[in-house]
Amino acid sequence: MMLEPAMNRLLKRVPSRYMLVNVVAHRARQIASQAEDEGVHLEDKPVTLALFEVANGENESETEESLIEENGGAEEN
């Protein structure tokens, strides 16, 4: 069960749970790939790091843009 960051805090940054899952998964893959490429050991799991980035408002525009590109330019509601 996830206690931190709180879901209401995450949903202030991302408008829907569906989009939140996509944003966090996308960012977690980026974090894991970057860590592997650089040979860095992560103290926390990539998903945990991605959740805290979203909760803190880091890379907001970057994540939305990359999701739109992944969906072929169509944004779903």
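Computed from a predicted structure; not experimentally measured.
- In Glu38, the CD atom is crowded: over 12 heavy atoms of neighbouring residues, nucleotides or ligands sit closer than 6.0 Å.
- The two residues Ala50 and Ala28 come nearest to each other via the heavy atoms CB-N, 3.8 Å.
- For the residue pair Pro15 and Met19, the shortest heavy atom distance occurs at CD-SD, 3.8 Å.
- Arg9 is listed as a side-chain neighbour of Asn56, based on a closest heavy-atom distance under 4.5 Å.
- Cluster membership for Leu10 and Val47, using ILVMFWY side-chain heavy atoms within less than 4.5 angstrom, is shared.
- Closest of all the heavy-atom pairs between Val24 and Val54 is CG2-CG2, 4.1 Å.
- Contact of the Phe52 side chain with the Glu4 side chain is registered, since non-hydrogen atoms from C-beta on lie closer than 4.5 Å.
- The structure places CG of Leu51 at 12.0 Å from NZ of Lys45, a figure rounded to the nearest 0.5 Å.
- Taking the side chain as every heavy atom from C-beta outward, Ile31 and Glu53 approach each other to under 4.5 Å.
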